[in-house]
Each structure stands twice: as C-alpha cells, then as structure tokens.
Amino acid sequence: MCGRYANTKSGEELGRYFEADEVDEVRLPPSWNIAPTQRIHVVVDTVPKDLAGLGADAPVTRRVTTARWSLVPRFAKELASKYPTFNARSETAAEKPTFRSSVVRSRALVPADGYYEWLTVGKTKTPYFVTDPEEGELAFAGLYSWWRPPAAAGSDGAEGGEPEPWVLTATILTRAAAGPAARIHDRIPVMLPRSEWDAWLDPTIAGDHALVQHAVAASQPVIERLAVHEVAPLRGDGPELIAPLNPL
C-alpha cells in the first residue's frame, strides 16, 4: 500500500515532465510527507463534454491539477469516509462501487519523488523510502472522481446563494509487491513507465478490469529497478526525512 509519499516538484515542473497542455494555477508547496486527505498533484487527460461523443477523434487535453488524496464517489453523502480510499486494490477496483466508474473514464497519474513503506517485525515498524533511480520520478496509476454535497448537486444553493463547489478527489492503485520493495511489504503502488501514460489516461478508452491488469503488468519493469533505503521515523516535513540510514 502507499500511505505516505514525497513530491517536491512544482506544477510547472510536472507539466514539463508529463508534457501537459495546461497547468492549473493552484500551487502546492514541496512536501516530503504527504498524507491521505491532503491536496496532491495529479495528471489527467480530458475532452470537452460537447465533443465526448467523438470517441477516439475527440481532442484530448493533458492537465496538471490538484486533488484531495482519498477518492470520494459521487454517490457518497459525505466527504469523509469511515473506510480508507487513498488506495484502491487493482484486483477489485473495476468492480467495487467506489472505484468502478472512475476505472471507466476517470484515470490519473499521481507524480511522486518516492514513497514510504514500513517493514514490520513483531511490534517494530521500520520506515523505508522507495525511489526509481533510473527516472528519478514515479508515476503512480490513479483514479479520480468529482464530488460535492448531495443537497448542492441538484440546486443552485439555499435562498439564491452560491452552490457548494465540486471537489476533485483521487486514489492510488496498488498491486501485489515484487522486486526489491517486496522485502518490506506485500503491496506496492502500480507505477507506470512513460510508454503507458497515454493509454492509461486516455478518456476515450472505456477502462475495465483488463485495462487495469494491463497497467499492473506494465508496471513490472519499473518495480524491478526500484531502490530502497531505510530512513528515520517520519516526523514533521523536510528533506531530512528521505536521508538514507542503512541500505536494505
């Protein structure tokens, strides 16, 4: 699973790296300790609603924007959930009500410098930081969903007031662990190589279980080359959090 990660690049830097057409003006500070429900950068491909019926011929725009890390489906009555939704299991995402509509048309990439995982031995949990030494950047396969309070969804607000704004929310797909990080935990984020970004993000492709499993298989080369090192317990936020202690 992935419950903490680091991203220190600006929206503009991510826009260049992911070859985005647009970068939203919302700015997030660098963070070495991003936690669920915080705002994160995501990369999405969209088509204008009035041209969505064109299918593969519809013009696609790639955008770097921000989302709340923990996906909330449109049918949810509240933003907060008693169940964790910051990760989605790749084995079941296409069938779970919370995630399946997002698998179809609302897929994203979540950029990261690296992520943390904890090795548990008895009652001792030791944190490790995981990176891609070849690319220097990870692209987690993610899903997104727009949400706002149900009372606001069908109205223009109480007594002529402004309606509640939509909230963009996102999750990170996980799979069975492999490669160097498998020694730490039995789950790992699905990390896509550059060659798979377009197909994963393409909103004109109706996603299903097969597409998710293709992404899982495509993540294998990235997972096999990951580098892992022990770090100090995570407290606060700063570059010292990813400083290596003892290589695994």
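In this chain, residues are counted from 1 in sequence order. Since the model is a prediction, treat every value here as computed from it, not as a measurement.
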Legend entry - Chi angles and distances behind the side chain to side chain contact (heavy atoms under 4.5 Å, CB included) call for Trp118, Leu234: CA-CA 11 Å; Trp118 282 258; Leu234 270 64; 4.1 Å; yes
Inset, instruction - Given side chain to side chain contact (heavy atoms under 4.5 Å, CB included), test Leu143 with Val103 step by step and report yes or no. - result: CA-CA 7 Å; Leu143 306 171; Val103 169; 3.9 Å; yes
Inset, instruction - Report the C-alpha separation of Phe18 and Leu109 in whole Å, then their side-chain angles, then the decisive distance to 0.1 Å, and conclude whether the side chain to side chain contact (heavy atoms under 4.5 Å, CB included) test is met. - result: CA-CA 9 Å; Phe18 288 95; Leu109 295 175; 3.9 Å; yes
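Glu22 contributes no side-chain N or O that, together with a main-chain N or O of Gly15, makes up a donor-acceptor pair within less than 3.5 Å. Here the side chain of Trp147 pairs a donor or acceptor atom with the backbone of Ala76 at under 3.5 angstrom. Put simply, the side chain of Arg4 never gets that close to the backbone of Ala35: no donor and acceptor are under 3.5 Å apart. Between the side chain of Trp32 and the backbone N or O of Glu240 there is no donor-acceptor pair closer than 3.5 Å. Without hydrogens or angle criteria, Arg100 side chain to Lys96 main chain gives no donor-acceptor distance under 3.5 Å. Between the side chain of Arg105 and the main chain of Ser102, no donor-acceptor pair closer than 3.5 Å is present. Between the side chain of Trp69 and the main chain of Gln38, no donor-acceptor pair closer than 3.5 Å is present. Thr171 contributes a side-chain N or O that, together with a main-chain N or O of Phe86, makes up a donor-acceptor pair within less than 3.5 Å. In this structure, His185 contributes its side chain and Cys2 its backbone to no donor-acceptor pair below 3.5 Å. Ser145 places no side-chain N or O within 3.5 Å of a backbone atom of Thr169 that could act as its donor or acceptor partner.
Residues Phe99 and Val216 fall within the same hydrophobic cluster, defined by Ile, Leu, Val, Met, Phe, Trp and Tyr side chains chained together at heavy-atom separations under 4.5 Å. Under the 4.5 Å side-chain heavy-atom criterion for grouping Ile, Leu, Val, Met, Phe, Trp and Tyr, Ile223 is connected to Val228 within one hydrophobic cluster. Connection of Val42 to Trp146 is established within a shared hydrophobic cluster, with ILVMFWY side chains joined at heavy-atom distances below 4.5 Å, either directly or through further cluster members. Hydrophobic clustering, with ILVMFWY side chains joined whenever heavy atoms are under 4.5 angstrom apart, keeps Phe140 apart from Leu192. Cluster membership check: Leu173 shares its hydrophobic cluster with Trp197, using side-chain heavy-atom separations under 4.5 Å among Ile, Leu, Val, Met, Phe, Trp and Tyr.
Between the CG atom in Leu28 and the CD1 atom in Ile34 there is a gap of 8.0 Å [rounded to 0.5 Å]. Separating the CG atom in Leu201 from the OG atom in Ser106 is a distance of 11.5 Å, to the nearest 0.5 Å. Atom CD1 in Ile188 sits 10.0 Å away from atom OG1 in Thr174 (nearest 0.5 Å). Distance check: Arg225 CZ to Gln220 CD gives 11.5 Å after rounding to the nearest 0.5 Å. Considering OG1 of Thr85 and CD1 of Ile172, their distance stands at 11.5 Å, rounded to 0.5 Å.
A salt bridge is defined here as a Lys NZ or Arg NE, NH1 or NH2 lying under 4.0 Å from an Asp or Glu carboxylate O, and Glu117 with Arg183 fails to meet this definition. Comment: Glu91 engages Arg187 in a salt bridge, judged by a side-chain N to carboxylate O separation of less than 4.0 angstrom.
Ser219 pairs in a side chain to side chain donor-acceptor pair (under 3.5 Å) with only one of the listed residues (Glu224, Arg175, His214, Glu196), which is Arg175. Each of Asp132, Thr131, Leu14 was scored for a side chain to side chain contact (heavy atoms under 4.5 Å, CB included) with Glu137, with one residue passing: Leu14. With Val72 as the fixed residue, the side chain to side chain contact (heavy atoms under 4.5 Å, CB included) test singles out one of Thr98, Leu79, Leu168: Leu79.
Both tests pass for Arg194 against the ring of Tyr17: distance under 6.0 Å to the centre and angle within 45° of the axis.
Side-chain contact check for Val121 versus Thr126: every heavy-atom pair is 4.5 Å or farther apart. Here the side chains of Pro111 and Val43 are in contact, with some heavy-atom distance below 4.5 Å.
In Glu95, the CD atom is crowded: over 12 heavy atoms of neighbouring residues, nucleotides or ligands sit closer than 6.0 Å.
The two residues Asp113 and Thr8 come nearest to each other via the heavy atoms OD2-OG1, 2.6 Å. Among all heavy-atom pairs drawn from Leu119 and Ile184, the shortest one is N-CG2, 3.5 Å. Nearest heavy-atom pair across Ala108 and Trp200 is O-NE1, 2.9 Å. Leu138 approaches Met191 most closely through the heavy-atom pair CD2-SD, 3.7 Å. Of all heavy-atom pairs between Tyr5 and Val110, the closest is OH-CG1, 3.5 Å. Taking both residues in full, the closest heavy atoms of Pro127 and Ala232 are given as CG-O, 3.5 Å, listed atom of the first, atom of the second, then distance.
In this structure, Arg235 has no salt bridge (Lys or Arg N to Asp or Glu O under 4.0 Å) partners at least two apart in sequence or on a different chain. The salt bridge (Lys or Arg N to Asp or Glu O under 4.0 Å) check on Asp202 picks up nothing, with sequence neighbours excluded.
Sequence neighbours left out, the pairs with a member in residues 59-73 that pass salt bridge (Lys or Arg N to Asp or Glu O under 4.0 Å) are Asp24-Arg63, Asp45-Arg62, Arg62-Asp198.
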